Amino acid sequence: MRPLASLLILCLAGCAAAIRGPALSPAQRFGRCLKSSVDGDVFLSSEQPAAVHEEAQLWNRLYSNSTPVAFVRPATVDGVAAAVKCAYGAGVKVVPKCGGHSFMGYSARDGTLGIDLSRLNKVTVSADRRTARVQGGTKQGQLYYAVWKQAGNTTAVVGGTCPTVGVGGFLQGGGLGFFTSQFGLACDQLIGLQMIDYQGRLVTADQRQNSNLLRAACGGGGGNFGIVTEFHIRLVQVPPLLTTSQLRLAGNQTAVDFMLWFQSHVLNTASHKLAFDLRLSTTGKNVAQVQLNLRWPGREAEMRAALVALSLLGPSSPWAPVLNPKNTTFEAPWILTAVADDKSSVPKTNTPEDLLRYEEIWATRRYLKEKSYCSLEPLPAATWARLFQSLARSKSAILVHRMGPKTAFAQVAPSATAFPWRKALFCLQHLKYFDNPEEVASVIAGLKDAKDVLAPHMPGMPGYVNYIDQDISPNPLFSYYGANLGWLRQVKRQFDPEARFSTNPLSIPPAAPQ
Ligand SMILES: Cc1cc2nc3c(=O)[nH]c(=O)nc-3n(C[C@H](O)[C@H](O)[C@H](O)COP(=O)(O)OP(=O)(O)OC[C@H]3O[C@@H](n4cnc5c(N)ncnc54)[C@H](O)[C@@H]3O)c2cc1C
């Protein structure tokens with residue numbers, strides 16, 4: 001080439017570069033991709049650090065300090081897909097956030113793209129009121145309210161106890177609540193889903209296609225396989241009124257005797273329709289106490305008859321004389337039982353609209369630590385006694401979720417879904433809220449004290465993945481997935497082979513290629 005022509009070409013290239021401006025850094029290209037393709041809010045930490053920090057605030061204040069590179073809040077499923085594609089191109093990992101209630105803060109992570117799904121909250125009940133399509137960013141309260149509005153008082157959701165929890169994490173982790181014994185886990189009602197995979201493609205799973213993904217989405221935990229943008233769930237039919245009752249008994253020996261009776265009698269004989277959960281704690285004077293949280297699908301008289309038949313109440317009951325006479329019993333339509341189940345400090349109007357007061361409930365968020373244990377065997381008297389003593393030392397409470405052979409929960413085989421502990425008699429949740437982060441070491445010590453009491457009876461420490469805790473055992477993936485881990489890793493390899501959604505220490509790793 002002649003020198004003059006070369007000079008001209010160089011000059012033209014330089015001019016073009018000058019017109020284009022300086023080359024963009026990968027981070028700038030990523031930001032530009034998000035801004036140009038996501039239909040919704042886009043917050044880059046380089047431009048709006050305060051907005052990203054705000055998005056990273058989770059229910060547990062202990063884990064609200066992460067530093068994602070960006071957060072988006074898409075308005076549509078296409079927006080979710082576009083954000084995932086940008087992240088894939090930029091080599092950035094992706095974290096979906098629904099209700100933000102992950103106990104370990106797994107819905108906002110350092111160096112990732114956070115996808116806040118809160119604008120995807122549409123709920124559509126089918127004409128026959130038997131199923132609903134629920135978008136993946138819906139909160140439980142929004143779901144209950146929408147189902148009640150569209151289907152009335154006798155159609156219900158198998159849900160949990162807190163309206164601000166998101167369906168995204170709750171359903172995929174399992175979903176325990178007052179209907180567990182009658183209808184099974186919330187995820188046992190899952191009949192299909194739609195998911196955006198790691199490359200931004202839409203995947204459908206139901207009984208006919210990708211049924212392994214559907215199976216994995218029931219207990220496999222949120223955030224492992226992709227971003228679920230729609231859950232298709234079964235609804236349940238309930239009577240116009242349900243009865244709720246809270247009873248209490250106290251006394252060190254009485255409480256232990258009651259727990260033995262609960263294990264040998266209630267778990268083996270109580271109707272599956274009777275919700276029978278317990279709260280174990282101690283009084284101000286360190287005396288063991290048990291609160292019985294009962295619910296019956298029907299009128300108060302029917303519940304009383306069921307409790308007399310169970311020998312909890314009535315002339316032949318050993319417990320009637322010691323049960324606190326100031327019990328609170330009320331009848332209410334299902335939707336108002338959901339309102340009552342919210343134990344936040346926000347004053348209630350006792351209307352279904354209480355379920356939508358997300359901002360007010362969110363404002364009450366605190367610090368918390370917790371552990372869970374699913375017990376496959378009855379515990380001996382000495383262990384219950386030591387557990388109450390431990391609760392007195394740590395001034396904390398344990399919730400006991402009834403399971404066992406009579407329940408619908410137990411009718412599903414342990415390998416039929418990802419939730420492995422279907423043979424559990426009950427799951428315990430040990431949870432402690434606190435207001436000063438400096439208390440964390442003493443709170444952890446209190447939880448460990450109780451864990452040491454329980455550990456000899458719980459080989460492998462079976463736990464509930466929605467009450468996630470990375471210190472549950474030396475092998476947390478066994479604790480949460482048991483023998484199902486092998487096939488869950490295969491599902492992970494099929495839908496997220498590059499582990500683009502693996503953003504926390506308990507993410508399910510993809511199976512190694514064969
Ligand atoms: C106050 C409170 C009350 C609770 N009550 C109950 C109860 O009654 N019963 C019960 O079983 N559990 C209960 N839980 C536990 C709760 O079910 C889990 O913490 C659950 O994972 C929270 O879901 P989330 O969507 O709110 O949380 P997030 O923190 O948003 O998500 C949890 C995990 O799921 C992922 N995820 C979220 N949405 C999606 C999606 N659409 N697709 C893919 N992945 C997603 C996230 O990345 C994260 O890894 C409670 C927790 C709290 C804090």
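Counting convention: from 1, in listed order, for ligands and their atoms alike. Note that the structure is a prediction, hence the values are computed from the model and not measured.
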Review point. Aromatic ring centroids of F103 and Y467 under 6.0 Å?
Key: yes
Point to revise | Ligand-residue contact atoms, ligand 1 with L176, heavy atoms, under 4.0 Å | key: 7 (C), 8 (O), 9 (N), 10 (C), 11 (O)
Point to revise | Residue-ligand contact G226/ligand 1, heavy atom below 4.0 Å | key: yes
Exercise for review: For ligand 1, indicate whether the residue Y433 contacts it via side chain, backbone, both or neither (heavy-atom separation under 4.0 Å).
Suggested key: side chain
Practice item. Using heavy-atom distances, let me know which of T161, T112, V134, N504 sits nearest atom 5 (N) of ligand 1. Key: T161
Check your understanding: Quick one: do the S479 and S473 side chains pair a donor with an acceptor below 3.5 Å?
Key -> yes
Practice item. For atom 34 (O) of ligand 1, find the nearest protein heavy atom and state the residue, atom name and distance (0.1 Å precision). Key: G222 CA, 3.2 Å
Check your understanding: With no hydrogens and no angle check, do the side chains of R357 and S344 hold a donor and an acceptor under 3.5 Å apart?
Key -> no
Point to revise | Contacting atoms of ligand 1, where contact means under 4.0 angstrom from a heavy atom of G160 | key: 8 (O)
**Study point:** Q172: numbered ligand 1 atoms lying under 4.0 Å from its heavy atoms
**Key:** 39 (C), 40 (C), 42 (N), 43 (C), 44 (N), 45 (C)
Practice item. Look at atom 52 (C) of ligand 1 and say which protein heavy atom is nearest, naming residue and atom and giving the distance to 0.1 Å. Key: H101 CD2, 3.7 Å
Exercise for review: Indicate yes or no: at least one non-hydrogen side-chain atom of W296 is less than 4.5 angstrom from one of S271.
Suggested key: yes
**Study point:** Protein contact of atom 39 (C) of ligand 1 - nearest heavy atom, named by residue and atom, plus distance
**Key:** G168 CA, 3.7 Å
Review point. Taking only heavy atoms of I227, which atoms of ligand 1 are found under 4.0 Å from at least one of them?
Key: 42 (N), 43 (C)
Practice item. Please identify which atoms of ligand 1 are closer than 4.0 Å to at least one heavy atom of L117. Key: 40 (C), 41 (N)
Revision key, fill the gap. Quick note on ligand 1: atoms under 4.0 Å from a heavy atom of G175 include exactly 11 (O)
Review point. Name the one of F183, F179, F426, F419 that satisfies ring-ring contact (aromatic ring centres under 6.0 Å, His included) with F409?
Key: F419
Check your understanding: Starting from atom 26 (O) of ligand 1, which protein heavy atom do you reach first, and at what distance in Å?
Key -> G166 N, 2.8 Å
Study note, to complete from the structure: One finds that the ligand 1 atoms under 4.0 Å from a non-hydrogen atom of C162 are 1 (C), 3 (C)
Check your understanding: Taking both backbone and side-chain atoms of P96, is any N or O found less than 3.5 Å from an N or O belonging to ligand 1?
Key -> yes
Exercise for review: Could you tell me whether the side chains of Q289 and S281 share a donor-acceptor contact shorter than 3.5 Å?
Suggested key: yes
Check your understanding: Tell me: protein heavy atom nearest atom 23 (O) of ligand 1, and distance?
Key -> G169 CA, 3.2 Å
Review point. What about the rings of W421 and Y464, do their centers lie closer together than 6.0 Å?
Key: no
Check your understanding: Given E498 and Y88, is the side chain to side chain donor-acceptor pair (under 3.5 Å) satisfied, shown in steps?
Key -> CA-CA 10 Å; E498 298 176 23; Y88 186 72; 2.8 Å; yes
Point to revise | Flag side-chain contact, heavy atom, 4.5 Å: R73 against S118 | key: yes
Point to revise | Test of proximity, V167 against ligand 1: N or O pairs below 3.5 Å | key: no
Revision key, fill the gap. Within 4.0 Å of some non-hydrogen atom of Y464, the atoms of ligand 1 are 10 (C), 11 (O)
Check your understanding: CG of N293 to CD of Q246: how many Å apart, nearest 0.5 Å?
Key -> 5.0 Å
Practice item. Return yes or no for this condition: an N or O of G136 is under 3.5 Å from an N or O of ligand 1. Key: yes
Point to revise | contact_flag G100 ligand 1 heavy-atom lt 4.0 Å | key: yes
Review point. Using a heavy-atom cut-off of under 4.0 Å, does the side chain or the backbone of F170 touch ligand 1, or both, or neither?
Key: both
Point to revise | Charged tip of R366 within 45° of F434 ring normal and under 6.0 Å | key: no
Point to revise | Side-chain touch L58/Y106, heavy atoms, less than 4.5 angstrom | key: no
Check your understanding: With a 3.5 Å cut-off and no angle check, do the side chains of S107 and S102 form a donor-acceptor pair?
Key -> no
Review point. T407 and S181: side-chain donor and acceptor closer than 3.5 Å?
Key: no
Revision key, fill the gap. for atom 13 (C) of ligand 1, nearest protein heavy atom and its distance come out as Y467 CE2, 3.7 Å
**Study point:** Distance-only polar pair, side chains of Q237 and T155, donor-acceptor under 3.5 Å
**Key:** yes
Practice item. Around atom 15 (C) of ligand 1, find the nearest protein heavy atom and jot down its residue, atom name and distance. Key: N466 O, 3.5 Å
Practice item. Please indicate whether any nitrogen or oxygen in C98 is less than 3.5 Å from any nitrogen or oxygen in ligand 1. Key: yes
Practice item. Please say whether S102 places an N or O atom under 3.5 Å from an N or O atom belonging to ligand 1. Key: yes
Study note, to complete from the structure: of all protein heavy atoms, closest to atom 42 (N) of ligand 1 is V228 N, 2.9 Å
